[in-house]
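Beneath this line is the structure, given in structure tokens, with notes to follow.
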Amino acid sequence: MSLQTSRVAPIIGRATAVAFMLVAIASAANGADIPLDQRRSGYLDLGRDSKAMQDDDTINPATLWVQDGEALWNQKAGAANRACADCHQDATVSMKGVAARYPAFSAARNGPVNLEQRINLCRSEHQQAQPFAYESRELLALTAYVGRQSRGMAIAPPDDDRLAPFVEAGRKLFNRRIGQIDMSCAQCHDDNWGKKLAGSLIPQAQPTGYPIYRLEWQSLGSLQRRLRNCMTGLRAEAYEYGAPENVNLELFLMWRARGLLLETPAVRP
Amino acid sequence: MGKAKPGATRRAVMLGGLAGGLAATIRLEPAHATPERMRVAIRTVVGEASIRKGRVDLEVPPLVENGNTVSLAVSVDSPMTATDYVKAIHVFNEKNPQPNVISVHLGPRAGRAKFSTRFRLADSQIVTAIAEMSDGSFWSASADVIVTLAACVEGI
Amino acid sequence: MARPLINVPAKVKRGQVFEIKTLISHIMETGFRFTTTGDKIPRDIVTTFSCSYNGEEIFRADLYPAISANPFFDFFTVATESGTLDFKWTGDNGFAESATAKIVVE
């Protein structure tokens, strides 16, 4: 759907500006990693009111989804008539640290799965229930509720050799030029973070708070939704939800953000 | 909006050259609120009474990261007693499709003439808050807000 | 699906002015947006929010499309007696939502 006011003309203007910027940037598509001690969460660049929105659960719109997630956690579902709670008991205990170490390797899939996919695997395998659609209210609510239990913990990608080739695949995607704008993630988020693009600050793109309440969406959304926005912004065809490319990118981004603290559910512009 | 600008031809060529779906979203902007329409909307609420500047504190961030969700806090200097209180606070804008934002009705039981909410701003513009007092007087404050759009927006 | 999120202090002193925060899930579709095929998306907003304290209205807001999705309100009232705060939201397409919160005044 389009924006509330048609802003096509300025977006084209931005695209032109970015294309010219491209010429000026004499860098290879491969960005240099941000030094570990210079990495920072997008939270630090929020305006005062947005920070306040994130810091206070009583006024953070994401809390509406977390509440729903808690209800779903306790609700029996599927042919097995089982709730998440029946296996996992109290989420505040059993889910602590889980979101901080996802995506993780799934033997069933012989590759990494993100938290959304892990929840859906549980639904189909253990609850014998229909998996939730990507970006559905239910899946976002459960992911927000589970993710909330890791708030304040350091992002800790699993030390699993089986993930290595997928992290590498994600790194390649991050450094690959795409779209009609013909730029890579790295060119903005490794090489030019902290500078402005058409009036907006370029963040480092550390996924420290997903799923986030994005002011632009006026809704909660996943990291994959955000990645798809970025790809559309570069005039590239975005990967489908759940596509291996998206999961590999997520895996790489979480590795890139290792050690930063999780803020789920965060507020971002 | 809609005025011919230098480079418009170049833009048209660029637009034509991009993925077909883009062209389908080009359309005329709906008529927007203007400073004049805001004045009319204010008069509809206030009538012929004079509006004095002061007593109203309008808190909006001067620079907004995203126009979809802008924090707004309005407070009015009033003792909020049974005989001297704020009856209503009305908020208006200049450039959204509609000039009204919200009308809040209070009374002595409020204790404090203050409320906060979140609202939308379609463009950089002036926001005005008008307080209607129990004695029939009107007071106002305005704020100038710069709205930036997020880069890499969804859709086209 | 989501319950309204209400936040009031657990206990207040008589005569004290206390803060109430409310947040509900609502898309607040402005009626000014279009689909990619040019069709107007119809307006769907909350139009009124009110709060009553032991039956007496203490706050009322008329909302316009300019209010953001998931409407949030933060307002004040004087603690009189212990009792119930009633919150009501009404809007387009027959939208109606309500919530209550207990208030203890000592």
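Atoms considered below: every heavy atom in the structure, side chains included; atoms not considered: hydrogens, waters and symmetry mates. A note on names: the letters A, B, ... follow the listed sequences, proteins ahead of strands, and every chain is numbered from 1.
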Quick one: do the Ser25(C) and Arg137(A) side chains pair a donor with an acceptor below 3.5 Å? yes
Output, in order, the C-alpha distance, side-chain angles, deciding distance and verdict of side chain to side chain contact (heavy atoms under 4.5 Å, CB included) for Phe34(C) and Ile41(C). CA-CA 5 Å; Phe34(C) 295 83; Ile41(C) 303 168; 5.9 Å; no
Are Glu116(A) and Tyr210(A) packed together at the side-chain level, in the sense that at least one heavy-atom pair is separated by less than 4.5 angstrom? no
Could you go through Ile24(C) and Phe49(C), starting from their C-alpha distance and side-chain angles, then the distance that decides it, and tell me whether this counts as side chain to side chain contact (heavy atoms under 4.5 Å, CB included)? CA-CA 11 Å; Ile24(C) 62 158; Phe49(C) 164 67; over 6 Å; no
Does anything in residues 70-91 of chain C get under 4.5 Å of chain A by heavy atoms, and if so which residues? Asn70(C), Phe72(C)
Quick one: does NZ or CZ of Arg228(A) land under 6.0 Å from the six-membered ring centre of Tyr241(A), within 45 degrees of the ring axis? yes
Just wondering, do Tyr43(A) and Arg268(A) contact through their side chains at under 4.5 Å, heavy atoms? yes
